[in-house]
Amino acid sequence: PVFQQNTPSKAAGKVMKKHRLIFLPALCLLACIEGRAAVVELDLEKLTLRSSHIFCGEVIATESEWGDFLGLGRAMITKVKIKISEVWKDSLGKRPEITREAESPGAPGKITEITIRYLGGRIGERWQRCAASPTFSRGEKVLVFASEFNNSLWTTGWFQGKYRLERTSPNQGRPGADSAGKLLVRGSQQLPVKKPMEAKALRLMVRRLLLERRSSGRGTREKRGADR
């Protein structure tokens with residue numbers, strides 16, 4: 001099943017029975033979904049356009065807590081705080097999950113940290129896991145496509161919105177080589193980014209998709225104005 005949780009010792013049996021009743025609504029919903037196969041498959045265009053924020057950064061903290069999931073009951077939800085290194089897509093407007101550094105009066109400011117959430121986590125000796133959710137670990141470098149879900153920012157398309165970033169070994173001694181190595185996005189066949197590729201190249205693809213969408217929207221508005 002898509003949703004799993006561990007079973008503590010027998011001494012906590014009575015407590016577990018109480019919590020099972022609390023989780024029953026959410027588990028009934030999730031139990032009818034069979035793993036990742038039930039997640040709507042997105043291509044890069046849909047992933048990009050459905051995301052309100054796209055960014056690269058380093059995971060600096062994770063914290064699991066009990067929270068409401070779609071009004072169906074309590075579940076473990078993990079908050080992931082990410083220190084931002086690059087922003088590929090931003091949406092104006094204040095959000096409690098986003099920390100900005102003011103650059104000038106009235107300007108929205110540069111994003112420095114973003115907190116996203118995913119379903120599952122660990123609290124003490126107890127844990128819950130959702131097969132459709134990504135996982136994050138402290139110190140991990142990531143590319144994230146995020147959007148509004150369950151009143152917070154979550155990865156877009158569940159596991160499809162998170163990618164590990166890795167830097168290749170520097171090619172020292174070669175003329176024109178990047179001394180810092182290339183930054184790679186670890187794509188795979190199960191994800192919208194189907195294979196590992198340079199972050200620089202993927203960023204250009206994302207920018208092109210966003211520009212095409214803006215151009216298309218502008219053209220539609222101009223046509224509507226002419227029709228009036």
Answer whether the closest heavy-atom distance between the side chains of [X] and [Y] falls below 4.5 Å.
X      : Y      : answer
Tyr163 : Phe145 : yes
Lys89  : Val206 : no
Lys81  : Glu63  : no
Trp88  : Arg203 : yes
Glu113 : Ile82  : no
Leu44  : Leu202 : yes
Lys79  : Glu65  : yes
Ile54  : Val87  : no

Scan side-chain atoms only and decide if [X] and [Y] contain a donor-acceptor pair under the 3.5 Å cut-off.
X      : Y      : value
Ser52  : Ser91  : no
Thr62  : Thr78  : no
Trp158 : Gln160 : no

Is it true that [X] and [Y] fall in one hydrophobic cluster, defined by side-chain heavy atoms closer than 4.5 Å?
X      : Y      : result
Val144 : Val39  : no
Val142 : Ile111 : yes
Val193 : Met205 : yes
Phe55  : Val80  : yes

Charged N to carboxylate O below 4.0 Å: is that the case for [X] and [Y]?
X      : Y      : value
Lys194 : Glu41  : yes
Lys182 : Glu198 : yes
Arg100 : Asp90  : yes
Arg50  : Glu148 : no

Within the side chain of [X], is there an N or O that forms a donor-acceptor pair under 3.5 Å with the backbone of [Y]?
X      : Y      : value
Ser51  : Leu47  : yes
Asn150 : Leu70  : yes
Glu101 : Lys110 : no
Arg167 : Gly181 : yes
Thr156 : Gly161 : no

By ring pair (Phe, Tyr, Trp, His ring centres under 6.0 Å), which residues pair with Trp154, not counting sequence neighbours?
->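 Applying ring pair (Phe, Tyr, Trp, His ring centres under 6.0 Å) to Trp154 gives Phe149.
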Can you name the closest pair of heavy atoms from [X] and [Y] and give their distance?
X      : Y      : answer
Tyr118 : Ser133 : CD1-CB, 4.2 Å
Arg122 : Glu125 : NH1-O, 4.2 Å
Arg126 : Trp66  : NH1-CZ2, 3.9 Å
Cys56  : Leu143 : SG-CD1, 3.8 Å
Ile116 : Ala146 : CG2-CB, 4.3 Å
Ser137 : Val59  : O-CB, 3.3 Å

Atom pair [atom1]/[atom2] of [X] and [Y] - distance to nearest 0.5 Å:
X      : Y      : atom1 : atom2 : answer
Thr155 : Arg117 : OG1   : CZ    : 12.5 Å
Asp68  : Ile77  : CG    : CD1   : 7.0 Å
Phe136 : Arg164 : CZ    : CZ    : 10.5 Å
Leu165 : Lys141 : CG    : NZ    : 9.0 Å

With Glu45, the side chain to side chain contact (heavy atoms under 4.5 Å, CB included) member among Thr48, Asp43, Leu42 |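 Exactly one pass, corresponding to Asp43.
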Pair Glu166-Arg186, side chain to side chain contact (heavy atoms under 4.5 Å, CB included): steps then yes or no | CA-CA 7 Å; Glu166 295 179 359; Arg186 287 298 177 186; 2.9 Å; yes
Given side chain to side chain contact (heavy atoms under 4.5 Å, CB included), test Leu210 with Arg213 step by step and report yes or no.
-> CA-CA 5 Å; Leu210 294 174; Arg213 179 59 178 265; 5.7 Å; no
Steps toward side chain to side chain contact (heavy atoms under 4.5 Å, CB included) verdict (Ile98, His53) = CA-CA 10 Å; Ile98 297 177; His53 296 81; 3.3 Å; yes
